[in-house]
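Treat the numbers as computed from the prediction; the structure is a model and nothing was measured. Order of the sequence lines sets the chain letters (A, B, ...), proteins ahead of strands, with each chain counted from 1. Both backbone and side-chain heavy atoms feed into the values below; hydrogens, waters and symmetry mates do not.
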Amino acid sequence: GDSVTQMEGPVTLSEEAFLTINCTYTATGYPSLFWYVQYPGEGLQLLLKATKADDKGSNKGFEATYRKETTSFHLEKGSVQVSDSAVYFCALSDPYFGNEKLTFGTGTRLTIIP
Amino acid sequence: EAGVAQSPRYKIIEKRQSVAFWCNPISGHATLYWYQQILGQGPKLLIQFQNNGVVDDSQLPKDRFSAERLKGVDSTLKIQPAKLEDSAVYLCASSLDLLSASPSYNEQFFGPGTRLTVL
């Protein structure tokens, strides 16, 4: 079945550091890929998405590029802020199954130190 | 626009007891999802509704879990009887319409979740 493998956390960085959170996937069809973020005490929010190979999703300074050849969708940000502290989930939706359900990775907890 | 509402936010029960969770999706959203998020893991889909019909319940432990969406709006997820391993956060999400003719992905909007502890 489909699966998502995420970089294990927790990750602790200093403010203004460069961030990379790795994500790779396996899928039956040609999936759409997502990054969701969960801030403390809040629900999951869609951060960015990409629906086909070589697409780049971006939002709030975060970027991720859909790499079909390496089955990856790594999350990056050039300069992190304390407010970026949260749990980040990589996920996919595989149209092969016709129901748009999300398959999630295990999540990566990010803490930014001032 | 109001988001997805869930209640209660927290629930503590003893094993073998019953519990029910309620979800009110965003107005006009035809598709509703229930996910289970065990500590340290990503959310896992339990059941998906399109209006009041079930689209996917392949991961729902039907011997103890049940869910309904009678009028195609609110939904209730029940566990009876609960086991220790049911301790998790139960997330409800909704999206516009799985069967929409739009080729773009129907974004899922998540509620804050219900944290269940089974003792």
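Contact count against chain A (heavy-atom pairs under 4.5 Å) is highest for B:Pro43 among B:Pro112, B:Gly40, B:Pro43.
Summarising the local packing, CG of B:Leu119 is surrounded by more than 12 heavy atoms from other residues, nucleotides or ligands at distances under 6.0 Å. Counting heavy atoms of neighbouring residues, nucleotides and ligands inside a 6.0 Å radius, atom OH of A:Tyr39 exceeds 12 of them.
Looking at B:Leu91, the atoms closer than 4.5 Å to chain A (heavy atoms on both sides) all sit in the side chain, from C-beta outward. For B:Gln37, the part sitting under 4.5 Å from any heavy atom of chain A is the side chain, from C-beta outward, and nothing else. Of the atoms belonging to A:Gln45, not a single heavy atom falls under 4.5 Å from chain B.
Scanning residues 105-113 of chain A against chain B with a 4.5 Å heavy-atom cutoff picks out A:Gly105, A:Thr106, ordered by number.
A side-chain donor from one of A:Thr28 and A:Asp2 sits under 3.5 Å from a side-chain acceptor of the other. In the model, A:Tyr25 has no side-chain atom that pairs as donor or acceptor with a side-chain atom of A:Gln6 under 3.5 Å. Side chains of B:Thr31 and B:Gln50: a donor on one and an acceptor on the other come within 3.5 Å.
Judged as a salt bridge (charged side-chain N to carboxylate O under 4.0 Å, His left out), the pairs with a partner in residues 38-62 of chain B (not counting sequence neighbours) are, in order, B:Asp57-B:Lys62.
Ring pair B:Tyr33/B:Phe49: centre-to-centre distance not below 6.0 Å.
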Worked verdict on B:Lys83 versus B:Asp86 for salt bridge (charged side-chain N to carboxylate O under 4.0 Å, His left out): CA-CA 5 Å; B:Lys83 293 185 175 181; B:Asp86 298 332; over 6 Å; no
